[in-house]
Protein chains: 2
Amino acid sequence: MSKRNYRDLIKGNVPVIPEEGIFRLLSTEERASILKSVTVMNFSRHDIIFRQLMPADHVAYVTSGMVKIYRSGRSSRVVCITLAGPGQFVALPCAIDQGEYRFSASAVESTEALMIRSDAIISLIAENGRFAGELFKRVSRDIIEISDKLVSLSVKQLPGRVADLIRYFSEDVYNSDDFTVPLTRQELAELIGTTKESLIRTLNEFRNDKLIEMEGRRIKILAPDLIDILCELG
Amino acid sequence: MSKRNYRDLIKGNVPVIPEEGIFRLLSTEERASILKSVTVMNFSRHDIIFRQLMPADHVAYVTSGMVKIYRSGRSSRVVCITLAGPGQFVALPCAIDQGEYRFSASAVESTEALMIRSDAIISLIAENGRFAGELFKRVSRDIIEISDKLVSLSVKQLPGRVADLIRYFSEDVYNSDDFTVPLTRQELAELIGTTKESLIRTLNEFRNDKLIEMEGRRIKILAPDLIDILCELG
DNA sequence: CTGACAGATTGATCTATATCACCACAAAAT
DNA sequence: ATTTTGTGGTGATATAGATCAATCTGTCAG
């Protein structure tokens with residue numbers, strides 16, 4: 001799973017701006033010009049991409065793999081704010097605000113990312129309205145998603161939150177009712193503000209009640225309708 | 001406090017785009033053009049500004065008063081996502097995403113707001129890079145603020161969250177250590193994901209421990225340093 | 001003057017879930 | 001080969017804070 005191959009160790013390959021997704025909104029010149037501000041980086045599991053409190057001088061654009069964005073207070077528990085997969089930006093808000101990273105980010109599996117200098121993104125926003133609009137739309141969706149999480153966390157109790165988690169992986173990440181997460185129980189727990197013990201117990205209840213099938217990190221949803229109901233009524 | 005005067009009842013006055021704040025980034029023509037898409041509205045306490053699930057066809061820009069943005073599930077508790085005061089936009093992300101309102105918003109005190117048609121904001125973003133940049137910065141700060149709240153909610157227990165709340169009013173809203181909130185205990189509780197009873201008990205502990213002075217809705221911070229410590233260690 | 005109603009407060013329970021203290025297993029390191 | 005480390009898992013216990021049930025206040029309408 002975490003075996004490194006030679007390619008994984010190369011950091012700073014020749015960058016290529018993807019043709020698809022948001023970058024299709026760039027002109028040939030903009031593409032060429034931003035290239036100077038981009039570095040390709042490869043990370044393996046546990047590699048830190050950036051650390052909270054550091055100046056937010058780069059935005060990461062994930063091309064493959066998965067990244068977790070989290071906050072770790074000095075003494076207290078780790079909170080995972082969100083995950084980011086291929087096609088998603090990491091730390092955009094921190095860079096736009098021209099401040100420091102307010103979170104840390106690390107790779108949860110082998111991950112490739114374009115590290116784009118913040119100033120390059122900021123000037124693109126000022127110059128290319130369509131690009132700005134699309135980026136804006138993404139950040140707006142992020143706000144809505146985080147707000148949903150806030151609500152989930154404050155009103156739902158564990159079964160509801162675990163159901164949310166399962167649905168999140170199924171619908172937003174893997175687009176399948178049968179998936180294998182690259183995260184430990186501990187990390188799954190951090191994602192929904194609980195402890196690994198409580199998460200394990202709740203997952204087991206789900207299994208006993210035939211809502212899911214589970215071996216190790218593989219989860220298969222058996223009763224999506226019941227999961228949905230749990231998500232609803234918390 | 002909540003006495004209405006004649007002006008409060010007028011809805012749809014002649015709109016004027018403020019000279020200060022973010023609108024200074026608009027050209028004279030842009031100002032004139034957006035004017036056609038703006039309506040001034042006056043709301044009194046409890047007036048709904050918009051309701052979740054409705055099409056997000058307007059953004060509100062608060063010119064005076066205070067608005068709460070909240071989510072209310074069918075059966076469950078109300079969660080207050082955030083408050084917005086003068087100079088702040090409400091529902092920007094929902095409008096940018098061109099979807100529906102994902103929250104409801106209502107006035108907690110007499111409030112005046114410019115209701116700006118979403119399409120007008122969206123075309124301004126595409127056309128005016130500086131304006132887009134500034135708006136972007138605001139939304140980015142909102143994301144960071146909400147993430148902080150998410151962390152607060154998942155790791156801190158009540159005393160820490162109440163301390164957060166007090167500091168929020170003192171530093172972010174009123175810029176004073178002596179302020180009067182326009183919210184009921186219930187609403188304060190919804191802001192930090194707890195119940196009115198628990199909030200009251202915690203506030204009383206704070207009073208007994210001489211952290212604050214309190215009569216009714218007026219709060220005076222006596223020991224800001226201790227409040228800060230509570231915010232830190234949750 | 002008197003209900004009636006919304007908000008604030010207090011006390012007595014109850015419970016979801018954190019915490020603590022383990023064990024089991026596999027992979028990696030020595 | 002054996003120790004160590006990381007991860008998954010279980011049971012017992014403790015507790016923060018929700019919930020329930022009153023009471024008390026001030027305010028407004030009739």
Side-chain angles (χ1 to χ4, degrees), chain A residues 1-4 44-46 73 75-79 106 108-109 152-165 180-208 212-219 230 233-234, chain B residues 1-4 44-46 68 73 75-79 106 108-109 152-165 180-208 212 214-219 230 233-234:
Chain A
M1 180 100 349
S2 75
K3 87 172 167 226
R4 295 172 166 223
S44 3
R45 172 158 173 83
H46 288 142
S75 55
S76 58
R77 276 218 306 282
V78 172
V79 189
S106 72
V108 294
E109 60 183 24
S152 169
L153 221 52
S154 33
V155 301
K156 295 183 189 176
Q157 47 197 59
L158 255 190
R161 304 214 297 273
V162 173
D164 278 345
L165 185 68
T180 302
V181 296
L183 303 167
T184 65
R185 305 288 140 132
Q186 178 71 46
E187 287 172 314
L188 289 176
E190 285 160 8
L191 219 32
I192 57 170
T194 183
T195 57
K196 72 171 202 307
E197 292 94 330
S198 298
L199 174 87
I200 289 170
R201 285 186 248 265
T202 310
L203 281 177
N204 284 341
E205 278 174 37
F206 280 19
R207 179 166 49 187
N208 296 338
I212 59 170
E213 215 172 270
M214 187 174 58
E215 335 109 62
R217 295 186 183 179
R218 177 166 170 257
I219 291 177
L230 273 175
L233 68 235
Chain B
M1 181 99 346
S2 75
K3 85 172 169 224
R4 295 170 166 223
S44 4
R45 172 157 173 84
H46 288 141
K68 71 170 174 179
S75 55
S76 59
R77 277 216 307 281
V78 172
V79 188
S106 72
V108 294
E109 61 184 22
S152 169
L153 221 52
S154 32
V155 301
K156 294 183 189 174
Q157 46 198 59
L158 255 190
R161 306 214 297 273
V162 172
D164 278 345
L165 185 67
T180 302
V181 296
L183 303 166
T184 64
R185 305 289 140 131
Q186 177 71 48
E187 286 171 315
L188 289 176
E190 285 160 8
L191 218 32
I192 56 169
T194 183
T195 58
K196 64 178 195 308
E197 292 93 331
S198 298
L199 173 87
I200 288 169
R201 285 186 248 264
T202 309
L203 281 177
N204 284 341
E205 280 174 36
F206 280 19
R207 178 166 50 188
N208 295 338
I212 59 170
M214 187 173 59
E215 336 108 62
R217 295 185 183 180
R218 176 166 171 258
I219 291 177
L230 273 175
L233 67 235

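Chain letters run A, B, ... following the sequence lines, proteins first, then strands; residues in each count from 1.
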What one-letter contact string describes nucleotides 15-26 of chain D from 5' to 3', where B marks a base within less than 4.0 Å of any protein heavy atom, S marks contact via sugar-phosphate atoms alone, and - marks no contact?
-> -SSBBBB-----
What integer distance in Å separates Glu205(A):CD from dG9(D):C1'?
-> 14 Å
Tell me: CG of Leu183(B) to C1' of dA8(C), nearest whole Å?
-> 15 Å
Arg217(B) vs dA8(C): side-chain N/O to OP1/OP2 distance below 4.0 Å | yes
Between the side chain of Arg185(B) and the main-chain N/O of Ile200(B), is any donor-acceptor distance below 3.5 Å?
-> no
Here the distance between atom C1' of dA16(C) and atom CD1 of Ile200(A), to the nearest Å, is 17 Å
Side-chain (Arg77(A)) to main-chain (Ser154(B)) donor-acceptor, under 3.5 angstrom = yes
May I have the distance from Arg185(B) (atom CZ) to dA6(C) (atom C1'), rounded to whole angstrom?
-> 14 Å
Separation of dT9(C) atom C1' from Asn204(B) atom CG, nearest Å, is 8 Å
For Val108(A), which residues count as a side-chain contact (heavy atoms from CB on, under 4.5 Å) partner, sequence neighbours excluded?
-> Arg45(A), Met66(A), Lys68(A), Pro182(A), Leu183(A), Glu187(A)
Quick one: Glu215(A) CD to dG8(D) C1', roughly how many Å, whole number?
-> 14 Å
Distance-only donor-acceptor check, side chains Arg207(B) and Asn204(B), under 3.5 Å | yes
Here the distance between atom P of dA18(C) and atom CG of Leu153(A), to the nearest Å, is 10 Å
Integer-rounded Å distance: dA27(C) C1' and Arg45(A) CZ | 14 Å
For Ile192(A), side-chain contact (heavy atoms from CB on, under 4.5 Å) partners two or more places apart = Leu158(A), Arg161(A), Val162(A), Leu165(A), Thr194(A), Leu199(A)
For the residue pair Glu190(A) and Val78(A), what are the closest heavy atoms and their distance?
-> CG-O, 3.4 Å
